[in-house]
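Only a predicted model underlies this, so the values are computations on that prediction, with no experimental measurement involved. Positions are given from 1, in the same order as the sequence printed here.
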Amino acid sequence: MNKAFVRESEGDDDEELQPALRIPPGTRNYITPAGHARLKSELEHLVKRERPHVVEIVAWAASNGDRSENGDYIYGKRRLREIDRRIRFLTKRLDIAEIVDPLRQGDNDQVFFGATVTVADAQGAENTYTIVGIDEADASLGRISWISPLARALIKAREGDSIRFQSPVGIREIDIVEVRYQALN
């Protein structure tokens, strides 16, 4: 059957996501103001710039005649589907987003969403993590998702507490050295 007559599944885009990016059922999509602004900016870029540009290319390629062997047309249509999928995903995520500003916590020594936490392991090595939304997590920047095992163990703990959590290498114990709330960029 010709691909032109096969309809792509219009199912839930969350099913295609890695498990770490799926929002647990019955929970909210917490996000920092900076993360919300980044997602909104990406959506605006896709809708106002990239998609119209790709549509122009596809229209031009289609006007050249035979579409079956037209690389610009085939690639353009594929790219258009990718853009549309990402637009649907971003729209859904932004619709259910609940913005939580870390600065509203004030001078709090307890760990909640948006906290930047410095921890020390048994050898005294310190690491700093910021608890952020699922769509903002980036281990290279020390930003961990609020649904990660470490973040779940840290939430509601206080400065000076020791916590145990299940890591990929087994059960670990760490001490909370500092808790602070700051604006993210």
Under 4.5 Å between side-chain heavy atoms, counting indirect links through other Ile/Leu/Val/Met/Phe/Trp/Tyr residues: same cluster for I99 and L43 or not? yes
Non-hydrogen atoms of N29 and R93 that approach each other most closely: ND2-O, 3.2 Å
Quick one: closest heavy-atom pair of G114 and P102, and the distance? O-CB, 3.5 Å
Under-4.0 Å salt bridge between E82 and R79: yes
How long is the span from the NE2 atom in H36 to the CG atom in D135, to the nearest 0.5 Å? 10.5 Å
Side chain to side chain, E173 and S162, heavy atoms closer than 4.5 Å: yes
Determine, using the 4.5 Å side-chain heavy-atom cutoff (strictly less than), whether I96 and I134 are members of one ILVMFWY cluster. yes
With a 4.5 Å limit on heavy-atom distance, are the side chains of K77 and V58 in contact? yes
Minimum side-chain heavy-atom gap I131-F112 below 4.5 Å: no
Rounded to the nearest 0.5 Å, what separation is found between the CD1 atom of I174 and the OG1 atom of T118? 10.5 Å
Close side-chain approach of T116 and T128, heavy atoms under 4.5 Å: yes
Are side-chain heavy atoms of L154 and V119 found at a separation under 4.5 Å? yes
Could you measure the distance from the CD atom of E136 to the CZ atom of R38? Nearest 0.5 Å is fine. 5.5 Å
Is there a side chain to side chain contact (heavy atoms under 4.5 Å, CB included) between F113 and T32? Walk through the geometry before answering. CA-CA 9 Å; F113 181 88; T32 63; 3.8 Å; yes
In this structure, would V47 and L39 fall into the same cluster of hydrophobic residues linked by side-chain contacts under 4.5 Å? yes
Check the hydrophobic clustering (I, L, V, M, F, W, Y; side-chain heavy atoms under 4.5 Å; chains of links allowed) and say if I83 and I57 are grouped together. no
Give the C-alpha distance, both sets of side-chain angles, the deciding distance and a yes or no for side chain to side chain contact (heavy atoms under 4.5 Å, CB included) between V179 and N108. CA-CA 8 Å; V179 177; N108 191 349; over 6 Å; no
Is it true that a side-chain atom of T91 and a backbone atom of I87 form a donor plus acceptor pair closer than 3.5 Å? yes
Value rounded to 0.5 Å, distance of OH in Y129 from CG in L141: 13.0 Å
Supply the members, apart from L184, of the Ile/Leu/Val/Met/Phe/Trp/Tyr cluster built from side-chain contacts under 4.5 Å; use none for a lone residue. V132
Side-chain donor/acceptor of D175 to backbone N/O of V177, under 3.5 Å: no
Is V100 reachable from L103 through a run of I, L, V, M, F, W or Y residues, each pair having side-chain heavy atoms under 4.5 Å apart? no
Nearest 0.5 Å, please: how far is CD in E50 from NE2 in H53? 8.0 Å
Please name the pair of heavy atoms, one in S145 and one in S148, separated by the smallest distance, quoted to 0.1 Å. O-OG, 2.8 Å
Around H45, counting heavy atoms of other residues, nucleotides and ligands shown, do more than 12 lie under 6.0 Å from its NE2? yes
Give, for atom NZ of K40 and atom CD1 of I31, the distance between the pair rounded to the nearest 0.5 Å. 11.5 Å
N70 and A61 have their tightest heavy-atom pair at ND2-O, 2.8 Å
Could you list all the salt bridge (Lys or Arg N to Asp or Glu O under 4.0 Å) pairs where at least one residue sits in residues 147-163, not counting sequence neighbours? D109-R158
Search all heavy atoms of V111 against all heavy atoms of A115 and return the closest pair with its distance. CG1-CB, 4.1 Å
I155 versus W146, closest heavy-atom pair with distance: CD1-O, 4.3 Å
